[in-house]
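Taking it in order: structure first as C-alpha cells, then the write-up.
Residue numbers count from 1 along this sequence.
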Amino acid sequence: MTFQYLTYGASVSADSVKHLLEHQLEQARHARPTPVCIWGLHGIGKTELVRGLAAERNMELIYIAPAQFEEMGDLVGMPVLETDGEGRTVTRFAPPAWAPTHEGPGILLLDDFNRADDRILRGLMQLLQYYALVSWALPPKWLIVLTANPDGGDYSVTALDDAMLTRMLHVSMTFDVHAWARWAEQAGVDTRGIHFVLAYPELLNGRRTTPRSLVQFFNAMAPFERLEDHLPVLKMLGEATLDTETVEAFLQFVHLKLDRLPGPADILGAESFDLLEPRLRRLVRDGETQRMDMLSILVSRINNYLLGRKAPPAEGEMRNLEKFILWEELPNDLRLAMAQELARTQRPEYLALYRVPEIGRLLLEKM
C-alpha cells in the first residue's frame, strides 16, 4: 500500500542530518539554538544517529519518550508545599528526575514525540520556545532534538498545528545504504549482514524489513559460525522480524555462499594478500564472469573500515591495501574510485598511495 506521507524539511541522508545537528550544537555554545525535528519512517536509525553523535562527542544525552507520559506532571514536575521568605505556605513544582541539571554541551532527545497525547504536545510548546517549563529550565549549551514519524499514512501519530511546527527546524531523513554501511562498520554489525545489505539495498524499504529489524536479525544469527548449517533456524528468525522477500533473498545469499566473503579486517589483516587472493577470486567470479556486485561490496567495506578508524593502518595492512587496489580482478573504475576516496581524506597514510607508481599514475591522470 502506498501512503502520502507528510514530512517537513529537506529529504537528506543520515550524514546530512548529522551535519545539521553539529551546526546547531555549535550554535548552542553561544545562544539557545532552535530545536531540530528529524522526520522519517520507522527503523531507519533516527534515534541511533542522535545517540551516536552524543557518544562521539562525549556529551550528555537525556532520552525521553513523551508518548509514555500520561499526566502533565510527568513533564513539568509535581507540586510540593514549601515555606517562602515571608513564612507563607506556597505550592511549587519539583522538577522531574530526568530534567537535565548539568551545564552542557548536551542533547535532550524527545523520541517519537508526535505519538504523545495532544495535552502533552501542548505542554511541550513552552519548552520548544523557551527551553524552560514552569518548574525547570535546560542549562546552557543544550540542544533539543525531536524524532517523528510522518503523518498521512499508517502511523498512529498526532497531527501538529502550525504553532507547534514553527517552533522547530525540520529535516526528513531518508535511508542511504552507504551511510548505513559506514555506521554498521563502526557499530560491529555482523560482517555477513553488512555484505547482504550492500548486495540487496532495494530490500531495505519494506513494511517489516527496516535497518533496525535487519540489525535485530543479524544480532540473532551472529553466534552461527556456518550459516548453511542452521538454515531452518535462520528462516524462523528471519520470518520473526523481516518481510518474506527479504528472508528468501537472505537464504539465497547463503546458498550462493556469499556470506563467506571475507570482511575488511580479514583482507587487510591477512598474513599476505597473495595467500588470500585465490579464495577471493573464486568468490568474485561466476565462471568467466566477474561479480561486479561483490567487487563493489569489497571496495565499499574496505574504505568504510579504513575511514572509520582514527589510527593509521599498520605496515602489513598498508601492503595488503596496495595489493588489493592493484588486484587484476578489480576493474579500473572501482580501483580509481577506491584510491580517490582514500586520498581525498588528505591523511598522510593514504596520500602515500601516490608514491606507488601504478596507483599514483592512475590518480594523477584523472585529476
Side-chain angles (χ1 to χ4, degrees), residues 13-15 17-18 38 40-56 61 63 65 109 111-112 147 149 173-269 294 297-298 300-305 307-309:
S13 70
D15 288 343
V17 175
K18 183 180 177 183
I38 307 171
L41 302 180
H42 62 290
I44 64 172
K46 302 183 296 293
T47 303
E48 288 307 309
L49 182 147
V50 180
R51 288 185 184 276
L53 177 61
E56 179 184 311
L61 173 74
Y63 171 96
L109 175 59
D111 202 24
D112 290 328
T147 67
N149 292 135
M173 181 168 146
T174 58
F175 178 74
D176 178 89
V177 66
H178 299 293
W180 180 88
R182 287 192 294 273
W183 168 83
E185 207 72 63
Q186 302 309 308
V189 174
D190 191 291
T191 191
R192 299 164 295 187
I194 302 176
H195 283 151
F196 174 73
V197 171
L198 288 171
Y200 298 94
E202 68 280 1
L203 295 176
L204 266 291
N205 48 352
R207 291 181 65 91
R208 297 180 63 216
T209 300
T210 69
R212 177 170 59 207
S213 61
L214 276 167
V215 171
Q216 292 170 349
F217 172 61
F218 298 152
N219 288 341
M221 75 177 195
F224 301 149
E225 185 174 345
R226 286 170 51 89
L227 296 181
E228 62 264 38
D229 295 340
H230 303 277
L231 292 180
V233 179
L234 273 181
K235 186 173 187 293
M236 183 168 55
L237 289 172
E239 291 175 344
T241 54
L242 307 171
D243 293 318
T244 301
E245 296 84 357
T246 311
V247 179
E248 292 172 353
F250 189 82
L251 294 177
Q252 180 70 2
F253 176 80
V254 175
H255 176 71
L256 294 174
K257 304 188 187 308
L258 300 180
D259 59 306
R260 297 185 185 181
L261 204 61
D266 299 319
I267 295 173
L268 298 175
M294 293 297 104
I297 287 172
L298 288 175
S300 295
R301 294 233 31 216
I302 290 174
N303 273 16
N304 288 341
Y305 176 78
L307 298 179
R309 287 171 43 176

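- Residues Trp183 and Val215 have side chains in contact (heavy-atom distance under 4.5 Å, counting atoms from C-beta outward).
- Between Arg260 and Glu228 there is a side-chain heavy-atom pair separated by less than 4.5 Å.
- A donor-acceptor pair shorter than 3.5 Å cannot be found between the side chains of Thr246 and Arg208.
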Q: Tell me, with the steps shown, if Asn149 and Lys46 meet side chain to side chain contact (heavy atoms under 4.5 Å, CB included).
A: CA-CA 10 Å; Asn149 292 135; Lys46 302 183 296 293; 3.7 Å; yes
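- Under the 4.5 Å side-chain criterion, counting only non-hydrogen atoms from C-beta, Ile194 is in contact with Leu198.
- Looking only at side-chain heavy atoms (C-beta outward), Pro264 and Glu185 come within less than 4.5 Å of each other.
- Contact of the Asp176 side chain with the Asp15 side chain is not registered, since no non-hydrogen atoms from C-beta on lie closer than 4.5 Å.
- Between the side chain of Lys18 and the backbone N or O of Ser13, no donor-acceptor pair lies under 3.5 Å.
- Of the possible donor and acceptor atoms, none in the side chain of Asp112 sits under 3.5 Å from a partner among the backbone N and O of Thr147.
- The closest donor-acceptor contact from the side chain of Asn304 to the backbone of Arg301 lies at 3.5 Å or more, if one exists at all.
- Using a 4.5 Å heavy-atom threshold, the side chains of Phe217 and Val247 count as separate.
- Thr244 has its side chain within reach of Glu248: a pair of non-hydrogen atoms, C-beta onward, lies under 4.5 Å apart.
- His230 and Phe224 have parallel rings, their planes meeting at less than 30° on a 0 to 90° scale where 60° marks the start of perpendicular.
- Scanning all heavy atoms of the two residues, the minimum distance from Ser213 to Leu242 falls at OG-CD2, 3.6 Å.
- Here Leu261 contributes atom CG and Leu256 contributes atom CG; the two are 12.0 Å apart, rounded to the nearest 0.5 Å.
- Nearest heavy atom pair, residue Ile44 against residue Pro211, reads CA-CG, 3.9 Å.
- No donor-acceptor distance shorter than 3.5 angstrom exists from the side chain of Arg51 to the backbone of Leu61, with no hydrogens or angles considered.
- No more than 12 heavy atoms of other residues, nucleotides or ligands shown are found within 6.0 angstrom of CD on Glu225.
- Counting only N and O atoms by type, the side chains of Arg212 and His42 include no donor and acceptor under 3.5 Å apart.
- To the nearest 0.5 Å, atoms CZ (Phe250) and CG (Leu231) are separated by 9.5 Å.
- A donor-acceptor distance shorter than 3.5 angstrom exists from the side chain of Asp190 to the backbone of Arg192, with no hydrogens or angles considered.
- Using a 4.5 Å heavy-atom threshold, the side chains of Phe196 and Asp259 count as separate.
- Rounding to the nearest 0.5 Å gives a distance of 13.0 Å between CG of Leu214 and OH of Tyr200.
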Q: Go through Met294 and Leu258 one step at a time and tell me if the side chain to side chain contact (heavy atoms under 4.5 Å, CB included) criterion holds.
A: CA-CA 8 Å; Met294 293 297 104; Leu258 300 180; 3.7 Å; yes
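- Here the CG-CG distance, from Leu227 to Leu234, works out to 5.5 Å after rounding to the nearest 0.5 Å.
- For the atom pair CD of Glu245 and CG of Leu203, the computed distance is 8.0 Å after rounding to the nearest 0.5 Å.
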